[in-house]
There are 2 protein chains.
Amino acid sequence: MLTDRKQKILKAIVEGYIQTGEPVGSKTLLSETGIDVSPATVRNDMADLTTRGYLFQPHTSAGRAPSQKGMRYYVDNLMSPVTPPERVRDYIDAKLSAAADTPEQLLREAAKLLSDYTGYAAVTTTPPSGDARVHRLHFIGTGRHTVMVVLVTSSGMVRSKLFRSNFVVTNEVLEILRETLNKALSGVPLSQINKPFMQTVAASFTELFLVIPQALTAIMEIAASAQVVQLCLSGETKLLFAPEVDPVTSRGILGFLSDTEQVAKLLLSQKSSLCAYLGTECRRAELLTAAVICARYEIEGTTAGAVALFGPGRMDFADAMGAVNYISQSVGDLLSEMVDL
Amino acid sequence: MLTDRKQKILKAIVEGYIQTGEPVGSKTLLSETGIDVSPATVRNDMADLTTRGYLFQPHTSAGRAPSQKGMRYYVDNLMSPVTPPERVRDYIDAKLSAAADTPEQLLREAAKLLSDYTGYAAVTTTPPSGDARVHRLHFIGTGRHTVMVVLVTSSGMVRSKLFRSNFVVTNEVLEILRETLNKALSGVPLSQINKPFMQTVAASFTELFLVIPQALTAIMEIAASAQVVQLCLSGETKLLFAPEVDPVTSRGILGFLSDTEQVAKLLLSQKSSLCAYLGTECRRAELLTAAVICARYEIEGTTAGAVALFGPGRMDFADAMGAVNYISQSVGDLLSEMVDL
DNA sequence: GTTAGCACTCGCAATGTTAGAGTGCTAATC
DNA sequence: GATTAGCACTCTAACATTGCGAGTGCTAAC
């Protein structure tokens, strides 16, 4: 479709634009690449690339900048992700292993590492819960009137919450809670733990009617939170201070990121293991001038959560995609080792 | 010190400036207030206020804007906090009571409410742990190789963390952990739970040497986290979209807020129950053009954590201080009710 | 197909101009 | 002595003008 030289020119323009943020002219292009033709030839090719929609001119006397289509072509055909150098990989591996107590903790660390390495905002999500069920409920007295309930799901996820009881919590109360509620709820899918269901449960335990409502409410809340993917954000404010990120873009990204649900939806809608969304491809007004790189990590071969990077439209895709890819793989590997119940 | 009329003029200028963000001239001042003198008189007074440092002129042909000293005078002498209207108070009370399961949850809700009401970034801190001690440790098996440890402190705080064990976790293991570690650590001040101390503890439990290190590390981490005040932030991104907040200020605030320790230090350094920091008064370069309103809440009569609001230097101090004050009082009341062990 | 040459376009920055808001000062007035 | 009217003055923001330079497209030659 594109001749060899035109590809080279497009590549040079994209990389120049990524570096400087300015449209690239025919002369500067030649001085910074090994292409050995005259400026006029380059101009002819650039004119052609422009009419075909890969480039655009902000105005007549400016150089050319890649359009979204040009960027897309570059990402798809002219570059490949660059895996971080060995010492970075070693550092990442060490930090991730050290954080591999909990999936949540691991994912938080992964987001932090990704953001620190790239300088942009990183997001990781916990694996979607799928059709997890209640495995076991634990109850701990943490005060005279407070109880901690711990939910362990069939997928090994652990969630806890405190609730208050109207009367003093004794060991017997805890024992009864444990016994009755495990009997009633073990094996029940999380998705089924809603208000109507819980009301029928409550109806069958008249003896403890003074604690049961609070306990059931708490369980309902943690079941709900265990079903929703959790987001770990890191480095959002870096965007505001990075000179290569224009204020509109960073505001847009920060605005977008503050809506958790929307972010989760975007990241988990993607099938392929590693991909980049450019500008309008996200179909979100806030991200028109931004770029998102997203990779799904796999737990034991099955697609699970996502690792993503939010940055300016002109970020260094080779490095960024390499980093996202490497971290998502590592996260997947570590989580696979962690599976255990 | 200042004549009645000069106070009125200063007040009018401050309020005008808060509203519009523009320096106020002598004419506009007269048309928007009930002061019944000629512009020339106002100008004389303004000139005097300027030489005394309460006002300043950005340039010769501009009106006057309050200097930091002027703002300080306004806050100290010319206005008083305005408690939110009844329906807002009712709404806040309802939301806060509903969240009063855990101090953390309550404080998160408080930050959210404060930010939603004012439109700026709100921060709350948990109460400093003081000289809390280990009250009790609980251990729950949450997987074949994972254990959850729950620390209840003498002040009633609850912290939990998961850790991994190299071999299968049985009920006997949990029982031994519970018994031995409670014996060893109950009553020990959190501040004492550091590496050297834990190593001496570890040395005395040779029988469980395969789990103990992980357990002790986990306990060390939650003890550390229980000693540090936790911050709840809310509405940071609102600053970026509020037209009355200039970008420099919002960037500064966001940058400042991303350093947790520094924020905690600032908020907890303050003694008086309600106060405002203007510009340089925070002694932080990032906050030069910002204003911070901070109130300490009290638990059973003792100063504890803080509720704070970060906004532009020209925010509406009457409303903002009223809101911070009301919420900090409510939080204190609810937390006082919650004390219980 | 490639190149040299040249006229042309257009944004940007520097400069000039103007209108208006707001001031400070002085002298008159209350 | 405080207040006021009047007036000349200052300074910015907004707009128009200009020149420069980067970069182009086109044409004719290679």
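What you see is a predicted model; the values in this text were computed from it and never measured.
Closest to the side chain of A/Ser38, out of C/dT23, C/dG24, C/dT3, is C/dT3. Minimum atom distance to the side chain of A/Arg64 is reached by D/dT24, of the listed D/dT12, D/dT24, C/dG24. Side-chain proximity of A/Ser61 to the nucleotides D/dG21, C/dT3, D/dT24 is greatest for D/dG21. Comparing C/dT3, C/dG5, D/dT4 against the side chain of B/Asn44 picks out D/dT4 as the nearest. For B/Ala40, whose side chain is taken as the heavy atoms from C-beta onward, the closest listed nucleotide among D/dT24, D/dA5, D/dT3 is D/dA5. Distances were taken from every side-chain heavy atom of A/Ala47 (C-beta onward) to each of D/dT12, D/dT24, D/dG25; the shortest belongs to D/dG25. Listed nucleotides: C/dG24, D/dT12, C/dT2. Nearest to the side chain of A/Arg5: C/dT2.
Atom P of nucleotide D/dA13 and atom NE2 of B/His59 are separated by 5 Å, given to the nearest angstrom. Put simply, CZ on B/Arg43 is 10 Å from C1' on C/dC25, counting in whole angstrom units. A straight line from CE of A/Met46 to P of D/dA22 spans 15 Å, rounded to a whole angstrom. Per the geometry, NZ belonging to A/Lys27 stands 13 Å off P belonging to C/dG5, to the nearest Å. The nearest whole Å value for the distance from the CD atom in A/Gln57 to the P atom in D/dT24 is 7 Å. Going from atom CD of A/Glu22 over to atom P of D/dG21 covers 18 Å, rounded to whole Å. The interatomic distance linking A/Leu49 (CG) with D/dT24 (P) rounds to 12 Å, in whole Å. Following rounding to the nearest Å, B/Leu30 (CG) and D/dT3 (P) show an atom-to-atom distance of 13 Å.
The six-membered or imidazole ring of A/Tyr73 lies near that of A/Tyr54, with a centre-to-centre distance under 6.0 Å. Annotation: B/Tyr74 is not in aromatic contact with B/Phe317 [ring centroid separation under 6.0 Å not met].
To the nearest 0.5 angstrom, B/Leu240 atom CG is 5.0 Å from B/Leu254 atom CG.
Heavy-atom distances to DNA chain D give each of B/Val37 and A/Gly63 a nearest nucleotide, and the one nearer the 5′ end belongs to B/Val37.
Using a 4.0 Å cut-off between charged side-chain N and carboxylate O, B/Arg251 and B/Glu286 make no salt bridge.
Remark: of the listed residues B/Leu309, B/Ile293, B/Leu114, B/Ile253, B/Leu309 is the sole one forming a side chain to side chain contact (heavy atoms under 4.5 Å, CB included) with B/Tyr120.
The side chain of B/Thr60 contributes no N or O atom lying less than 4.0 Å from OP1 or OP2 of C/dT23.
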